[in-house]
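Structure first, then comments.
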Amino acid sequence: MLQQTLFSKRLITMTLTTARLTLRPLNADDWPLFYALHNDIDVIEKCFDKPSEAHVRAKFNERLKPWSPGGNTPLCLVIVETCTGKEVGVTGFTSSTVPNSQEVGYLLLPNFHGRGYATESLKAVLDYAIREHRVCEFKAVVTEGNVGSEKVLEKCGFQLIEKQPDAYMIGGILYTDHHFYLNRTDHTL
């Protein structure tokens with residue numbers, strides 16, 4: 001289900017709902033969640049090195065901007081467990097200048113891992129992008145060894161299309177990046 005208000009073709013508010021989750025745009029009050037997600041070793045160990053607070057703040061501020069396809073600003077939605085109101089994590093798209101193409105991303109707090117929330121929220125975001133914005137293709141990059149994220153992508157219909165050796169360094173170790181792809185025709189709404 002989608003609720004949104006449009007003003008001069010600029011998205012002001014948007015809420016996506018699933019059976020168990022509510023996804024809403026990141027706002028200034030979400031700084032503690034965003035900071036925690038970027039500093040918890042169980043969240044970031046297969047994603048990136050622990051960033052400085054200034055770097056996290058810059059990423060946060062960038063994600064507060066309104067999103068539109070091809071607008072080169074990220075879409076960042078806070079995932080909320082509807083029955084409890086607890087914040088689970090974030091999901092959405094990185095910035096993209098390629099029309100009708102988006103790169104997905106998500107981070108969930110460790111106590112919500114293994115519940116299917118990443119898959120459920122990502123499916124809602126994909127459905128929204130296809131239905132409302134006619135996004136045609138989606139990409140994702142996962143560090144080798146991040147099995148949980150790979151499973152989420154596969155459950156959402158993504159296919160592994162490339163392995164890029166020694167592509168990304170975390171903790172002084174070079175990792176292979178796994179590149180995933182999904183065409184809108186392969187996604188079931």
Side-chain angles (χ1 to χ4, degrees), residues 18 21 23 26 33-60 62-63 67 72-79 87-98 100-130 135-188:
T18 69
L21 304 171
L23 286 67
L26 185 77
L33 169 68
F34 197 83
Y35 184 78
L37 287 166
H38 287 79
N39 281 278
D40 188 308
I41 191 64
D42 292 330
V43 175
I44 67 174
E45 71 177 330
K46 292 291 185 186
C47 298
F48 45 81
D49 285 326
K50 185 176 178 178
S52 69
E53 184 172 342
H55 181 77
V56 178
R57 179 61 80 173
K59 284 179 72 172
F60 179 75
E62 181 67 19
R63 281 153 179 78
W67 174 82
N72 202 26
T73 56
L75 170 66
C76 189
L77 300 173
V78 174
I79 306 165
E87 294 174 337
V88 172
V90 295
T91 189
F93 303 131
T94 62
S95 59
S96 174
T97 56
V98 180
N100 300 315
S101 179
Q102 294 294 320
E103 183 174 333
V104 302
Y106 41 86
L107 295 172
L108 276 67
L109 294 169
N111 52 326
F112 293 102
H113 290 181
R115 298 185 190 185
Y117 288 168
T119 303
E120 188 174 326
S121 63
L122 181 56
K123 283 182 179 179
V125 172
L126 295 172
D127 290 351
Y128 165 74
I130 291 169
V135 175
C136 295
E137 64 181 22
F138 302 90
K139 301 171 185 176
V141 179
V142 177
T143 304
E144 183 175 49
N146 191 343
V147 177
S149 281
E150 289 186 353
K151 287 181 180 179
V152 166
L153 294 169
E154 290 165 355
K155 288 176 186 176
C156 290
F158 283 79
Q159 299 292 317
L160 177 63
I161 60 167
E162 179 187 2
K163 292 183 180 183
Q164 184 181 6
D166 300 332
Y168 196 71
M169 186 176 290
I170 303 172
I173 300 170
L174 282 172
Y175 287 90
T176 297
D177 273 347
H178 290 186
H179 294 259
F180 287 81
Y181 176 82
L182 173 69
N183 187 290
R184 72 185 283 167
T185 59
D186 298 328
H187 178 69
T188 306

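Values below: every heavy atom of this structure, side chains too, minus hydrogens, waters and symmetry copies. Nothing here was measured: the structure is a model prediction, and the numbers come from that model.
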For [X] and [Y], which heavy atoms make the closest approach, and how far apart are they?
X	Y	answer
A118	Y106	CB-CD1, 4.3 Å
I161	Y181	CD1-CB, 3.7 Å
F158	L122	CE1-CD2, 4.3 Å
C47	L107	SG-CD2, 4.1 Å
G157	L182	O-CD1, 3.3 Å
D49	G171	OD1-N, 2.5 Å

For this session: For the pair L109 and L37, evaluate side-chain contact (heavy atoms from CB on, under 4.5 Å) and give the outcome as yes or no after the intermediate values.
Result: CA-CA 6 Å; L109 294 169; L37 287 166; 3.7 Å; yes
Mind checking the [atom1]-[atom2] spacing from [X] to [Y]? Nearest 0.5 Å is all I need.
X	Y	atom1	atom2	result
I130	Q102	CD1	CD	11.5 Å
T18	L23	OG1	CG	6.5 Å
E62	T94	CD	OG1	11.0 Å
L21	I79	CG	CD1	7.0 Å
W67	T73	CH2	OG1	8.5 Å
E103	K139	CD	NZ	8.0 Å

Exercise. Is there a donor-acceptor pair under 3.5 Å between the side chain of D40 and the backbone N or O of A36?
Worked result: no
For this session: List for me each residue that meets side chain to side chain donor-acceptor pair (under 3.5 Å) alongside K151, sequence neighbours excluded, and say none if there are none.
Result: none
Problem set entry | Pairwise side-chain contact, F93 with F138, heavy-atom cut-off 4.5 Å (strictly under) | yes
Problem set entry | P110 side chain reached by V43 side chain, heavy atoms, under 4.5 Å |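 Heavy-atom side-chain distance check passes, below 4.5 Å.
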Exercise. Given the rule in the side-chain contact (heavy atoms from CB on, under 4.5 Å) test, do L33 and L26 qualify, once you have shown the distances and angles that lead to the verdict?
Worked result: CA-CA 10 Å; L33 169 68; L26 185 77; 5.8 Å; no
Exercise. Is there a side-chain contact (heavy atoms from CB on, under 4.5 Å) between R184 and N100 once you walk through the steps?
Worked result: CA-CA 10 Å; R184 72 185 283 167; N100 300 315; over 6 Å; no
Problem set entry | The single option from I170, D166, V142 passing side chain to side chain contact (heavy atoms under 4.5 Å, CB included) against Y175 |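 Filter result, single survivor: I170.
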Exercise. For Y168, which residues count as a ring-ring contact (aromatic ring centres under 6.0 Å, His included) partner, sequence neighbours excluded?
Worked result: none
Exercise. Got a sec: does the CD of Q164 have more than 12 other heavy atoms crowding it under 6.0 Å?
Worked result: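 Enclosed.
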Exercise. Take atom NZ in K59; do more than 12 heavy atoms of anything else shown fall under 6.0 Å from it?
Worked result: yes
Mind checking what makes salt bridge (Lys or Arg N to Asp or Glu O under 4.0 Å) contact with [X], not counting sequence neighbours?
X	value
K46	none
E154	none
E150	none

Exercise. Going through the checks in order, is the side-chain contact (heavy atoms from CB on, under 4.5 Å) test met by R63 and F34?
Worked result: CA-CA 10 Å; R63 281 153 179 78; F34 197 83; 3.7 Å; yes
Problem set entry | Pairwise salt bridge (Lys or Arg N to Asp or Glu O under 4.0 Å) hits with a residue in residues 111-120, at least two apart |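 The answer is R20-E120, E81-R115.
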